[in-house]
Amino acid sequence: KRTQNNPMGVVTESQFHVLAVDDSLFDRKMIERLLQKSSCQVTTVDSGSKALELLGLRESNESDDPNATSTSPEVEINLIITDYCMPGMTGYDLLKRVKESAAFRSIPVVIMSSENVPARISRCLEEGAEEFFLKPVKLADLTKLKPHMMKTKLKKESEKPAEEVKPEIEEEESPVIEILTLHQELESEQQEPMLSNNKRKAMEEAISTGRSRPKYNDITTSV
């Protein structure tokens with residue numbers, strides 16, 4: 001983990017956290033290794049219900065229980081990658097539950113399947129899946145996930161300052177200040193070459209005359 005490169009020692013902020021869901025231990029290990037090669041932090045679970053538990057959503061949630069959907073997750077997840085065919089809850093069911101939740105619908109969900117069924121693929125994409133990968137998943141497939149993870153990371157980073165500090169006047173004035181400073185920088189850049197050239201000439205002249213004088217003085221004193 002990136003504790004050496006990160007002086008603050010915060011791993012969760014420096015790595016994207018992926019939740020991998022698959023009932024097959026072999027497939028879980030495979031996807032975990034691939035994701036770790038892509039510098040991701042990985043948590044694996046063997047069922048959709050365990051994935052919901054980790055997120056803070058209960059499998060038996062009903063629409064008349066609003067408090068259950070707003071429960072905070074145990075860990076921060078940047079992306080969910082799940083198998084389609086699983087006993088109990090399929091990957092499609094898990095996708096629907098995540099997208100129905102106001103708290104978690106922004107998390108990208110990727111579906112994996114060993115069967116190439118066009119109707120299944122289109123159904124998952126229509127429901128909000130970001131990608132549909134055919135097994136075995138390759139490292140090249142996972143490069144497609146980075147833009148999705150960057151989106152979630154950028155969203156969270158842009159939301160944090162807005163929540164913590166809300167200076168309405170400063171936000172309005174800042175673009176004007178930025179434009180003024182840009183103008184000042186441009187003006188100074190245009191003037192600086194002229195000034196520096198003049199300064200250099202003056203300095204060179206002073207140095208040359210300064211160097212020549214002692215030599216003549218030495219000669220006159222010695223003679």
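- Nearest heavy atom pair, residue E127 against residue K99, reads O-CG, 3.6 Å.
- Rounding to the nearest 0.5 Å gives a distance of 14.0 Å between CE of M86 and OH of Y92.
- At least one side-chain heavy atom of F133 sits under 4.5 Å from a side-chain heavy atom of L145.
- Every residue two or more places apart in sequence or in another chain that forms a side chain to side chain donor-acceptor pair (under 3.5 Å) with D46 is listed here: K50.
- Closest approach of F104 and V98 over heavy atoms only: O-CG1, 3.4 Å.
- A donor-acceptor pair under 3.5 Å links the side-chain atoms of H17 to the main chain of E76, judged by distance alone.
- Atom CD in E130 sits 12.0 Å away from atom CD1 in I81 (nearest 0.5 Å).
- Within the 4.5 Å cutoff, the side chain of M112 has no heavy atoms near those of the T82 side chain.
- Residues P136 and D141 come closest through the heavy atom pair O-OD2, 4.5 Å.
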Under 3.5 Å, side-chain donor or acceptor atoms of residues 25-36 against the rest of the protein: list the pairs with distances, not counting sequence neighbours.
| from | atom 1 | to | atom 2 | distance (Å) |
| --- | --- | --- | --- | --- |
| D27 | OD2 | K135 | NZ | 2.9 |
| R28 | NH1 | D22 | O | 2.7 |

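- Rounding to the nearest 0.5 Å places CG of L139 at 5.0 Å from OG of S38.
- Here the closest heavy-atom approach between residue I111 and residue G91 is recorded as CD1-O, 3.7 Å.
- Taking CZ from F16 and CG from N78, the interatomic distance works out to 6.5 Å, rounded to the nearest 0.5 Å.
- Using a 4.0 Å cut-off between charged side-chain N and carboxylate O, E115 and R120 make a salt bridge.
- Between the CD1 atom of I107 and the CD1 atom of I77 there is a distance of 7.0 Å, given to the nearest 0.5 Å.
- When every heavy atom of P87 is checked against every heavy atom of D23, the shortest pair comes out as CD-OD2, 3.6 Å.
- Looking at heavy atoms from C-beta onward, L79 lies in side-chain contact with V110 at the 4.5 angstrom threshold.
- Taken from CG in L94 to CD1 in I80, the straight-line distance is 6.0 Å, to the nearest 0.5 Å.
- D83 is not listed as a side-chain neighbour of T90, based on a closest heavy-atom distance of 4.5 Å or more.
- Shown here for A20 and V42, the closest heavy-atom pair between the two residues is CB-CG1, 4.3 Å.
- The side-chain heavy atoms of L95 and C124, taken from C-beta on, include a pair separated by under 4.5 Å.
- A donor-acceptor distance shorter than 3.5 angstrom exists from the side chain of S122 to the backbone of P118, with no hydrogens or angles considered.
- Here the side chains of L52 and M89 are in contact, with some heavy-atom distance below 4.5 Å.
- Side-chain contact between L57 and R97 is present, with at least one heavy-atom pair separated by less than 4.5 Å.
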